[in-house]
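Please read the structure below before turning to the comments.
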Amino acid sequence: MPDQNAPTTTGLTTESATLAGELFGDGVGTQAGPPAVPAAGTGTAGQAAPGAHSHGGATPTGSPAERFTSIDPDAFGVPTGREETWRFTPMKRLRPLLDGAPSDAHLTWTTDLPEGVELTSVEVGDPLLKGLPEPVDRLAALARQRSGGAAVVRVAKEAQLGRPVTLGLAGSGSEDVVWGHLVIEVGAFAKATIVLDHSGLARYAGGVSVLVGDSAQVKLVSVQDWAPGAVHGGQYDAVVGRDATFTQVVVTLGGDLVRLVSNVQYAGPGGSAELFGVYFSDETQHQEHRLWVDHAVPNCSSDVLYKGALQGEGARTVWIGDVRIRPAATGTETYELNRNLVLTDGARADSVPNLEIETGEIVGAGHASATGRFDDEQLFYLCSRGIEAETARRLVVRGFFADVVQRIGLDALQDRLMAAIDERLGALPALDEQPVEVS
Amino acid sequence: MSVLEIRDLHVSVGEGDDAKEILRGVDLTVRSGETHAIMGPNGSGKSTLAYSIAGHPKYTITGGSVTLDGEDVLAMSVDERARAGLFLAMQYPVEVPGVSVSNFLRTAATAIKGEAPKLRTWVKDVKSEMEALEMDPAFAERNVNEGFSGGEKKRHEILQMRLLKPGIAILDETDSGLDVDALRIVSEGVNRTREEGDVGVLLITHYTRILRYIKPDFVHVFVGGRIAEEGGPELAEKLENEGYAAYAKGSGETAA
Ligand SMILES: Nc1ncnc2c1ncn2[C@@H]1O[C@H](COP(=O)(O)OP(=O)(O)OP(=O)(O)O)[C@@H](O)[C@H]1O
Ligand SMILES: [Mg+2]
């Protein structure tokens with residue numbers, strides 16, 4: 001998609017509302033702001049007019065000139081919920097993760113480590129921890145502090161893993177908060193896929209720091225397949241080495257509240273980051289994904305694609321996509337897209353892409369966000385081939401998810417996730433209540 | 001043997017004060033074994049006619065009737081129309097992300113036939129039809145129309161027509177955006193269908209070049225939302241030489 005952004009004199013283009021218009025048919029809220037102007041889109045079921053959710057330039061950006069970071073939880077104060085970074089979050093449900101009571105509760109680990117991979121741990125004060133990107137909020141700082149040290153997955157340089165590293169992380173139902181910090185260190189020229197597979201019931205605050213060596217290719221898959229009632233907050237950081245590639249695929253299906261912050265920075269030129277995500281919020285679930293890509297060195301690229309579906313009363317999703325291109329980051333190419341499919345009334349999706357550009361010498365930059373109902377054109381196309389409306393809707397929603405899930409590249413995991421999604425779609429009463437209208 | 005009968009069809013788009021009448025009394029009968037060409041200038045309502053027959057929700061039927069073998073098409077849902085034997089190859093086929101061509105074709109064939117086609121013969125059929133249309137087998141694993149070039153989308157439409165074997169096929173500008181080779185390949189696909197079975201074809205086009213490959217039995221000139229003149233293949237040649245200028249003014253008076 002970035003290649004559609006033909007460079008202009010400033011090297012800058014952005015998708016207009018036309019893109020959003022292509023994504024969804026009539027009767028759909030669309031939003032795509034010009035670059036460097038903060039924009040916000042909020043889609044709730046039943047709002048119809050295109051652009052009806054655009055809040056223009058008056059919305060706070062959520063991107064201060066410098067993002068405050070600290071390893072000291074108290075440096076952030078205790079959030080009230082009015083702060084820009086917390087204003088979408090249901091604070092009551094998250095409270096235990098912000099109170100910070102120490103605990104030695106833990107998740108049950110099931111690991112599959114292919115040859116060339118080492119799983120160890122480091123104590124507080126280890127030099128490895130000092131060099132990591134710092135927490136950006138109180139929750140992440142607490143997780144860093146309370147976990148006291150970190151588990152470390154090391155992939156030797158030049159290793160070409162024969163199969164993915166899998167860490168099954170299961171909650172055991174404890175009321176106590178599980179504090180965790182995982183460091184993934186991948187050596188230069190290595191190629192590795194790491195799967196974090198979260199399940200069970202837990203209150204979990206977990207930090208994940210990924211160090212991607214020069215020219216390494218790393219794919220990190222994080223599956224949130226939590227049991228109902230689980231609360232998961234966490235910060236993911238990737239430091240992408242020179243000419244390295246980092247791909248993150250976030251799949252959030254379960255849990256009561258999931259709030260993940262994914263940050264990317266580049267340690268050298270030529271790095272590329274792909275951030276893919278898919279989320280499916282049912283009745284009362286809150287799923288929040290906040291991204292921050294910091295382009296500070298030349299010739300790096302970032303590509304963001306997050307897709308979410310919402311069904312049921314009180315289903316809630318938040319997507320914040322911040323991309324910053326600093327003056328030194330010439331030759332940057334970035335594109336971000338968030339799409340939300342609102343399946344029933346009473347669900348609400350917030351989507352805020354934000355692009356700050358501080359140099360004109362870039363290859364391209366764009367963003368788009370669209371929130372709406374089913375695409376009538378897609379349904380019509382399928383139905384015009386004899387496929388019943390109900391089946392067509394399932395195909396469209398399934399395809400909507402598969403589009404991202406396919407990027408994991410692990411057949412067994414993809415099949416499992418699509419089966420889980422199918423099951424959720426099976427319990428979709430509202431689908432039957434939405435006949436395709438024919439004149 | 002199928003008969004599609006369109007009588008005094010009036011269709012509008014938009015709602016309330018914005019409603020605009022596009023089709024203003026269309027009469028047309030297409031029988032199995034016949035090929036009708038509809039030719040007309042941009043915006044004359046050709047796609048509106050095609051979409052209205054297929055049941056696109058954007059169009060409102062304000063008068064007239066459409067029947068297939070006596071059955072009221074306008075009372076059918078979109079999928080029922082397809083199962084009754086209507087097929088529309090679209091001018092602008094729609095991208096469906098995450099749905100593979102092979103899954104889509106099989107789901108459609110299952111819906112049309114009422115049962116899942118036997119896997120082995122089905123795979124063979126799809127393969128050989130794709131080969132005949134000179135489509136790379138890799139297309140079967142790609143998402144429906146996603147990233148397809150204009151010409152690839154049109155081949156994919158004809159592939160569906162070949163596999164779904166409709167009684168009446170409406171081809172809306174299937175020739176546009178095709179280079180000479182692709183035009184020949186696609187036309188041969190249509191001709192195979194005409195030779196094999198009792199299909200009725202409604203071929204919508206701007207240009208006569210596709211008519212060199214697919215010989216129409218009847219040519220209808222479509223102007224201002226209705227048929228302005230009807231004739232045999234010779235009418236196409238006249239249009240090729242003289243254009244639509246003659247119809248531009250008094251489109252109403254010259255109606256057949
Ligand atoms: N939603 C709409 N509101 C108003 N006018 C519309 C709408 N949709 C279509 N039209 C108009 O209906 C008319 C007929 O369009 P249609 O697509 O049927 O033409 P066509 O003959 O297929 O043209 P082309 O040769 O360009 O494909 C055009 O003038 C078009 O602008
Ligand atoms: Mg047309």
Side-chain angles (χ1 to χ4, degrees), chain A residues 1 3-4 19 22-27 48-49 276 278 305 307 309 337 339 341 370 373-408 411 414 417-418 421-422 425 434-439, chain B residues 11-15 50-62 73-90 92-100 103-114 141 143-147 157 160-161 163-164 166 170:
Chain A
M1 241 174 273
D3 57 353
Q4 294 175 353
L19 174 63
E22 282 167 12
L23 297 174
F24 291 105
D26 294 340
F276 302 130
V278 60
L305 171 66
K307 294 171 92 169
L337 171 62
R339 297 183 56 186
L341 188 55
R373 295 277 196 172
F374 278 107
D375 183 328
D376 285 345
E377 296 297 333
Q378 289 179 9
L379 289 178
F380 172 74
Y381 189 73
L382 297 175
C383 290
S384 76
R385 273 44 176 156
I387 300 170
E388 280 178 32
E390 179 61 20
T391 309
R393 280 192 199 91
R394 268 177 227 285
L395 272 177
V396 168
V397 186
R398 209 180 178 280
F400 179 81
F401 285 115
D403 182 33
V404 176
V405 171
Q406 281 164 355
R407 297 169 200 244
I408 293 175
D411 288 341
Q414 287 172 196
L417 295 172
M418 289 312 297
I421 288 167
D422 283 341
L425 289 174
Q434 297 176 29
V436 164
E437 268 145 41
V438 182
S439 44
Chain B
V11 173
S12 63
V13 292
E15 286 180 16
Y51 276 127
S52 301
I53 297 168
H56 194 292
K58 173 171 137 183
Y59 302 95
T60 310
I61 313 294
T62 53
V73 169
L74 300 178
M76 299 179 198
S77 63
V78 176
D79 49 309
E80 282 167 350
R81 295 177 196 207
R83 292 199 296 274
L86 291 172
F87 179 87
L88 168 60
M90 293 186 204
Y92 303 108
V94 181
E95 297 188 5
V96 191
V99 177
S100 72
N103 185 14
F104 164 64
L105 293 176
R106 199 168 151 74
T107 308
T110 304
I112 297 274
K113 292 177 169 63
E141 294 322 311
N143 293 330
V144 171
N145 294 321
E146 198 177 63
E157 295 293 287
Q160 294 167 54
M161 183 196 73
L163 293 165
L164 301 178
I170 303 167

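Per chain, numbering begins at 1; letters A, B, ... match sequence-line order.
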Any chance you could measure [X], atom [atom1], to [Y], atom [atom2], to the nearest 0.5 Å?
{"X": "H56(B)", "Y": "S384(A)", "atom1": "NE2", "atom2": "OG", "result": "9.5 Å"}
{"X": "E377(A)", "Y": "Y92(B)", "atom1": "CD", "atom2": "OH", "result": "12.5 Å"}
{"X": "E80(B)", "Y": "E388(A)", "atom1": "CD", "atom2": "CD", "result": "8.5 Å"}
{"X": "Q378(A)", "Y": "N145(B)", "atom1": "CD", "atom2": "CG", "result": "10.5 Å"}
{"X": "L382(A)", "Y": "T107(B)", "atom1": "CG", "atom2": "OG1", "result": "8.5 Å"}

Restricting to non-hydrogen atoms, name the atom on [X] and the atom on [Y] that form the minimum distance, rounded to 0.1 Å.
{"X": "A111(B)", "Y": "G386(A)", "result": "CB-O, 3.1 Å"}
{"X": "D79(B)", "Y": "I387(A)", "result": "CB-O, 3.2 Å"}
{"X": "A82(B)", "Y": "C383(A)", "result": "CB-O, 4.0 Å"}
{"X": "A402(A)", "Y": "G98(B)", "result": "CB-O, 3.7 Å"}

- [ ] Under 4.5 Å heavy-atom distance to chain B, tell me which part of Q406(A) shows up: side chain, backbone, both or neither.
- [x] side chain
Proximal component of [X], with respect to chain A [non-hydrogen, under 4.5 Å]:
{"X": "E95(B)", "value": "backbone"}
{"X": "P93(B)", "value": "both"}
{"X": "V144(B)", "value": "side chain"}

Task: Counterpart residues, side-chain contact (heavy atoms from CB on, under 4.5 Å), relative to A54(B) (two or more places apart) - done: F380(A), L88(B)
Task: Counterpart residues, ring-ring contact (aromatic ring centres under 6.0 Å, His included), relative to F87(B) (two or more places apart) - done: none
